[in-house]
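Structure record follows, encoded as structure tokens.
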Amino acid sequence: MINKKVNNVEEALNGVKDGMTFMLGGFGLCGIPENAISELVKLNVRDVTCISNNAGVDDFGLGLLLQNKQIKKMISSYVGENDEFERQMLSGELEVELTPQGTLAEKCRAAQAGFPAFYTPAGFGTEVAEGKETRDFDGKMYVLEPAFKADFAFVKAWKGDAAGNLVFKGTARNFNANMCGAAKITVAEVEELVPVGELDPNQIHIPGIFVQRIFQGKNYEKRIEQRTVRQKN
Amino acid sequence: MINKKVNNVEEALNGVKDGMTFMLGGFGLCGIPENAISELVKLNVRDVTCISNNAGVDDFGLGLLLQNKQIKKMISSYVGENDEFERQMLSGELEVELTPQGTLAEKCRAAQAGFPAFYTPAGFGTEVAEGKETRDFDGKMYVLEPAFKADFAFVKAWKGDAAGNLVFKGTARNFNANMCGAAKITVAEVEELVPVGELDPNQIHIPGIFVQRIFQGKNYEKRIEQRTVRQKN
Amino acid sequence: MALDKNGIAKRIAKEVKNGYYVNLGIGIPTLVANFVRDDIEVEFQSENGVLGMGPFPFDGEEDADIINAGKQTITTMPGASFFDSATSFSMIRGKHVHLTILGAMEVAENGDIANWKIPGKMVKGMGGAMDLVASADNIIVAMMHTNKRGESKLLKKCSLPLTGVGCVTKVVTNLAVLEIKENAFHLLERAPGVSVEEIKNATEGTLIVNGEIPEMKI
Amino acid sequence: MALDKNGIAKRIAKEVKNGYYVNLGIGIPTLVANFVRDDIEVEFQSENGVLGMGPFPFDGEEDADIINAGKQTITTMPGASFFDSATSFSMIRGKHVHLTILGAMEVAENGDIANWKIPGKMVKGMGGAMDLVASADNIIVAMMHTNKRGESKLLKKCSLPLTGVGCVTKVVTNLAVLEIKENAFHLLERAPGVSVEEIKNATEGTLIVNGEIPEMKI
């Protein structure tokens with residue numbers, strides 16, 4: 001077994017530099033790499049490009065880096081729920097590349113799987129396709145989208161082991177799974193680091209080969225954005 | 001829940017016709033849809049095209065359809081271990097499209113995921129790329145490969161439920177997972193059909209949306225091609 | 001009388017057929033789930049990675065790791081499954097999801113839709129909408145017939161940046177049910193008590209009224 | 001004395017470095033696993049869908065559902081995982097597998113390799129080999145230096161249909177270790193007791209011999 005375990009978030013983020021491109025898992029605040037984000041704020045790396053479906057909310061998640069003006073460019077599918085994001089974008093302070101959600105996911109998967117680019121129907125005929133190659137297959141139009149290139153991918157899993165194997169919980173899997181192995185270095189933080197051999201080989205969501213560093217995360221807040229409930233009769 | 005359960009293999013293969021294109025899961029004899037194959041022999045459908053990594057062995061798996069001269073064309077990555085396959089191919093009785101294994105898998109996945117085609121480096125500069133579009137991305141050459149189009153996909157899983165959810169075991173997952181949802185109709189046979197709700201939603205390999213029909217298989221032989229063992233000291 | 005949001009959702013629920021996998025957008029579409037008949041088999045997909053969504057959790061049972069695309073806490077039904085984002089869009093792009101219901105700011109008579117951006121003013125982003133509308137064969141838009149200023153949202157041509165081209169098949173508004181084909185809105189049903197004239201006045205795009213137009217049955 | 005198959009495997013095992021994920025082809029490459037040092041961390045990937053392969057199972061413990069790409073029954077090590085074929089080739093195509101070791105019928109001085117077909121005579125198919133050689137940066141070929149008729153398998157140009165172009169980085173045969181670069185085979189090591197002359201005679205392609213060539217240490 002190849003050991004990927006590092007002792008803490010500081011070790012895990014070793015090598016992070018100004019101007020780099022990061023991938024960050026999560027959908028809204030669900031499944032975001034909370035520890036890595038806190039450390040990025042602490043390290044105060046600047047001028048970074050972040051690939052993340054959303055940018056958290058004003059005071060949590062990637063919103064913290066936005067508040068701190070550390071982000072030069074965001075590549076996301078959705079801005080809503082974050083006023084600071086929308087403000088910086090509309091004012092032009094922040095460069096934003098809005099990308100359809102499925103395209104965003106596949107640009108990660110393409111990087112993970114060694115595909116240079118792919119054709120998707122999403123965005124054809126819209127401003128998303130402007131300047132991009134389009135092509136007809138069987139009478140339907142597609143847009144050619146390149147794979148992402150990133151320096152670090154920060155993902156958060158439910159359980160993991162020192163071999164780098166990951167298991168996610170519920171809808172916290174989202175982009176976390178697709179970003180593993182999609183950057184030069186993939187850093188996984190886990191709610192529970194279990195002994196090697198404890199995870200069923202048949203039930204591993206991401207094999208360790210896609211992960212370079214793994215650590216036991218701590219102090220997870222796991223905030224809920226929209227607490228919707230019903231009452232028991 | 002949308003109920004996909006059918007009572008038996010006869011119902012599951014309803015609509016199968018001469019001249020159709022079938023996908024069949026499995027790697028060698030590992031994870032092959034034994035019940036579906038037996039039924040295809042019994043139905044004696046002719047002139048079919050089979051997409052399958054291998055063609056079984058002479059007297060088992062797809063080899064049975066080959067012996068029976070039911071197959072017009074095979075799309076596979078590997079012929080070895082099947083003398084009848086090699087004989088029919090060399091004599092020209094059987095049309096064979098040899099496809100790199102990773103390309104074969106991705107042509108299934110592309111069909112499942114709605115991608116019309118993809119660029120892969122596999123086969124560039126070889127006869128596999130003859131007549132195909134090639135393209136340079138970042139100084140490396142790629143071949144454009146189209147998604148498969150098939151009428152039926154026959155897959156075999158370890159466990160499944162009436163919602164069509166599937167769980168595979170060990171290396172029997174192979175192409176079975178990628179073929180689900182890659183044909184007009186996906187038929188899954190399972191070693192054990194469990195009550196809906198028994199499978200952990202977090203640990204389902206193939207969500208039921210990719211499966212149209214599911215049935216409890218029977219009489220699995222699960223032959224081993226190369227029984228390699230070591231002796232206890 | 002024009003329909004309210006629940007009324008629109010109720011009418012759209014009738015478009016949901018047995019055996020359908022359905023993706024519901026944020027807003028009115030989310031309400032549709034409440035009105036689908038009990039005697040048909042339907043599963044709701046949410047593009048953030050869940051199939052087989054159930055109702056909201058009971059108070060105290062919500063789980064931060066189990067949400068829908070609107071970031072709302074949800075539950076799952078027996079037979080549900082979770083998956084990653086790429087797989088989720090494989091379901092959508094691969095046409096395994098049968099019906100997409102989403103909101104819009106504008107719909108054009110050729111089926112174009114705009115719902116993600118007002119240049120210089122507001123940008124929410126397209127989220128999964130561009131993938132959904134570019135992929136599904138069956139796309140129903142749920143929206144008010146006119147905007148807050150009383151202007152028609154059913155246009156000859158969208159004025160806002162597009163989400164997708166020529167993709168919307170049906171529109172259900174507070175006033176009417178309309179099918180889009182051959183570059184026109186074809187009026188199928190009126191909201192109870194709403195006249196064809198009122199619908200004509202509220203529709204900027206080409207409106208085809210063929211024969212007697214029945215009232216919706218909700 | 002020329003090496004036997006185990007000798008070749010033993011020499012190649014020295015190319016396997018700490019932290020490597022390695023894909024082993026059928027034949028001699030499979031034997032490599034037996035000779036990798038115990039004090040380094042290595043994981044073996046098999047393209048049919050397993051990472052972290054272990055030794056063959058004990059007699060009676062073999063499982064039809066757990067095999068390698070050679071269709072042999074295997075076991076797994078702690079930390080192993082199973083996955084589908086597309087994911088397996090994501091590992092390969094995405095360069096997550098660091099080293100590929102495979103057999104060949106012919107290798108050319110420019111790094112071309114042929115190992116899947118003899119027109120009109122024999123076709124095994126390429127299996128995963130075309131994906132492997134087109135993707136990996138580090139490809140070692142394990143083979144006999146000459147074929148059964150005594151003809152060189154290290155050629156100026158392959159005569160058989162290619163598996164991949166310009167991809168092989170190293171060749172380990174029963175006679176020698178050779179690096180491929182700048183359109184030539186560069187002799188690095190001789191098998192114990194084998195002379196440079198013998199290697200020259202057995203090599204049809206351009207052979208570069210620079211200075212004293214050491215004997216392999218196995």
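Just so it is clear, the model here is predicted, and its values are computed rather than measured. Numbers restart at 1 for each chain; the letters A, B, ... are given by sequence-line order, proteins then strands.
- In this structure, C:F56 and A:Q231 have side chains that are not in contact, with every pair of non-hydrogen atoms separated by 4.5 Å or more.
- Of the atoms belonging to C:D112, not a single heavy atom falls under 4.5 Å from chain A.
- Within the 4.5 angstrom heavy-atom criterion, only backbone atoms of C:T163 (N, CA, C, O) approach chain A.
- The greatest number of non-hydrogen atom pairs below 4.5 Å with chain C, out of A:V96, A:T120, A:T99, is found for A:T99.
- For chain C, the nearby parts of A:L98 are the backbone and the side chain; heavy atoms of each come within less than 4.5 Å.
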Between C:M126 and A:Q101, is a side chain to side chain contact (heavy atoms under 4.5 Å, CB included) present by the stated rule, with each step listed? CA-CA 8 Å; C:M126 67 291 284; A:Q101 197 175 134; over 6 Å; no

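- Considering only heavy atoms from C-beta on, C:K71 stays 4.5 Å or farther from A:C30 through its side chain.
- Relative to the six-membered ring of C:F58, A:R230 meets both conditions, a distance below 6.0 Å and an angle of at most 45° to the axis.
- By number of non-hydrogen pairs under 4.5 angstrom with chain A, the leading residue of C:G127, C:G70, C:S135 is C:G127.
- With a threshold of 4.5 angstrom between heavy atoms, C:E61 approaches chain A through side-chain atoms but not through N, CA, C or O.
- By the neighbour-count criterion of 12 heavy atoms within 6.0 Å, atom NZ of C:K5 is sparsely surrounded, having that number or fewer from other residues, nucleotides or ligands.
- With salt bridges taken as basic N to acidic carboxylate O contacts below 4.0 Å, none links C:D59 and A:K232.
- Your options are A:L29, A:N174, A:I224, and the one with the most heavy-atom pairs under 4.5 Å with chain C is A:N174.
- The number of heavy-atom neighbours closer than 6.0 Å to CG of A:D138, taken from other residues, nucleotides and ligands shown, is 12 or below.
- Proximity to chain A (any heavy atom under 4.5 Å) is restricted, for C:K117, to the side chain, taken from C-beta onward.
- C:F82 does not carry A:K169 over the face of its six-membered ring by the limits of under 6.0 Å from the centre and within 45° of the normal.
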Go through C:D84 and A:R109 one step at a time and tell me if the salt bridge (Lys or Arg N to Asp or Glu O under 4.0 Å) criterion holds. CA-CA 10 Å; C:D84 63 77; A:R109 195 255 171 188; over 6 Å; no

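- Between chain A and the residues C:I92, C:D63, C:V133, the largest count of heavy-atom pairs under 4.5 Å involves C:D63.
- Per-residue counts of heavy-atom pairs under 4.5 Å with chain C were compared for A:N82, A:N54, A:L90, A:N53; the largest is that of A:L90.
- Heavy-atom distances place no part of A:N176 under 4.5 Å from chain C, backbone and side chain included.
- Counting heavy-atom neighbours within 6.0 Å of C:D39 CG, excluding the residue itself, gives a total above 12.
- Heavy atoms closer than 4.5 Å to chain A are found nowhere in C:A129, neither backbone nor side chain.
- Heavy atoms closer than 4.5 Å to chain C are found nowhere in A:E221, neither backbone nor side chain.
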Side chain to side chain contact (heavy atoms under 4.5 Å, CB included) between A:F168 and C:D65, intermediate numbers included: CA-CA 9 Å; A:F168 303 94; C:D65 289 329; over 6 Å; no

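- Counting non-hydrogen atoms of other residues, nucleotides and ligands closer than 6.0 Å to NZ of A:K184 gives a total of 12 or fewer.
- In this structure, chain C has a heavy atom under 4.5 Å from the side chain of A:E86, while its backbone stays farther away.
- The candidate with the highest count of non-hydrogen atom pairs below 4.5 Å against chain C, out of A:E106, A:R223, A:M89, is A:M89.
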